[in-house]
Amino acid sequence: CASFAATINFLARSCSLRSSSCSLYFKMGSSKRRKMSSVKVPESVLKKTQRNEKRREREAQAKAQAKKNKPGKRKEIYKRAERYVVEYRKDEAAKLQMRRQARKAGNFYREPESKLALVIRIRGINQVSPKVKKILRLLR
């Protein structure tokens, strides 16, 4: 505590910024509090502490709001997952039905391939090594 007070006094003396008067409190060994004499604290330090307090309050409010919204959000996620499960089961049943129909007709059912596109944008083929050029041309 003494080093804290010394630091504040040093800052107040050495800082050429406009200063504001501020009463400082700090804890003594037990739960007693002692008021220090009015010490000049740089305005930038005061602004920083105020800014940090406001930030802490905002974060606490956001955390409380998130905690409040969490149960509803979990239910929504669970419902969405259930819809996906129903959709996937329906697709599997449709594929099984198609396989059976094809087998009954004496044919084969070929499952559709996944629809995936690999898109690469190259700004220019100049100043590219020959091997890479060849690969890029093959990928066209």
Side-chain angles (χ1 to χ4, degrees):
C1 290
S3 63
F4 176 72
T7 305
I8 295 297
N9 286 332
F10 172 76
L11 282 173
R13 277 186 270 118
S14 64
C15 191
S16 62
L17 294 172
R18 213 174 47 178
S19 299
S20 299
S21 180
C22 175
S23 297
L24 294 176
Y25 292 91
F26 62 94
K27 281 191 174 185
M28 298 297 284
S30 63
S31 61
K32 292 187 267 176
R33 292 185 120 185
R34 186 181 82 182
K35 183 177 178 184
M36 288 179 55
S37 61
S38 186
V39 177
K40 299 264 184 191
V41 177
E43 190 174 352
S44 60
V45 172
L46 291 175
K47 285 183 178 180
K48 182 180 179 183
T49 55
Q50 290 171 351
R51 186 174 60 240
N52 288 343
E53 287 173 9
K54 286 181 183 176
R55 181 180 51 82
R56 274 191 225 105
E57 288 174 7
R58 278 196 313 266
E59 287 175 355
Q61 288 175 353
K63 197 173 186 179
Q65 185 67 28
K67 190 174 184 178
K68 181 181 167 190
N69 293 340
K70 196 170 186 176
K73 202 169 192 177
R74 295 298 307 166
K75 286 179 184 176
E76 181 183 324
I77 290 169
Y78 186 77
K79 285 179 183 177
R80 191 179 315 139
E82 283 182 333
R83 283 197 307 264
Y84 286 134
V85 167
V86 168
E87 181 181 338
Y88 293 144
R89 285 183 181 160
K90 192 170 87 175
D91 287 346
E92 286 298 319
K95 286 180 187 177
L96 185 64
Q97 185 66 29
M98 297 290 279
R99 271 192 225 111
R100 287 177 180 164
Q101 283 179 353
R103 195 177 319 130
K104 194 178 265 187
N107 295 325
F108 294 99
Y109 173 70
R110 183 170 173 252
E111 291 187 19
E113 295 178 5
S114 58
K115 296 169 185 161
L116 177 70
L118 175 67
V119 179
I120 303 172
R121 182 177 183 266
I122 314 287
R123 293 186 62 160
I125 204 164
N126 296 337
Q127 299 171 356
V128 175
S129 67
K131 195 176 276 189
V132 174
K133 268 187 200 179
K134 183 66 175 177
I135 292 169
L136 288 173
R137 286 193 179 125
L138 289 172
L139 285 174
R140 277 189 197 171

Inspect the surroundings of NZ in Lys48 and state if more than 12 heavy atoms from other residues, nucleotides or ligands are less than 6.0 Å away.
no
Sequence-distant partners of Gln127, side chain to side chain contact (heavy atoms under 4.5 Å, CB included), two or more places apart
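Applying side chain to side chain contact (heavy atoms under 4.5 Å, CB included) to Gln127 gives none.
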Under the side chain to side chain donor-acceptor pair (under 3.5 Å) rule, what pairs show up with a residue in residues 92-109, not counting sequence neighbours?
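Every side chain to side chain donor-acceptor pair (under 3.5 Å) pair that includes a residue of residues 92-109, provided the two are not neighbours, is Arg99-Glu111.
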Taking transitive links into account, so neighbours of neighbours count too, which hydrophobic residues share a cluster with [X] at under 4.5 Å side-chain distance?
X: Val119; value: none
X: Ile135; value: Leu139
X: Tyr78; value: none

Side chain to side chain donor-acceptor pair (under 3.5 Å) partners of Arg56, counting only residues at least two apart
none
How would you list, by chain and number, every residue that makes a side chain to side chain donor-acceptor pair (under 3.5 Å) with Arg80, sequence neighbours excluded?
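Checked Arg80 against side chain to side chain donor-acceptor pair (under 3.5 Å); matches are Glu76.
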Any pair with a residue in residues 61-75 that passes salt bridge (charged side-chain N to carboxylate O under 4.0 Å, His left out), sequence neighbours left out, goes on the list, sorted by first then second residue, please.
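For residues 61-75: none.
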Roughly how far, to the nearest 0.5 Å, is the CG atom of Asn52 from the NZ atom of Lys54?
11.5 Å
With Glu59, which residues qualify under salt bridge (Lys or Arg N to Asp or Glu O under 4.0 Å), at least two apart?
Arg55
Non-neighbouring partners of Arg110 that pass salt bridge (Lys or Arg N to Asp or Glu O under 4.0 Å), sequence neighbours left out:
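Listed in chain order: Glu113.
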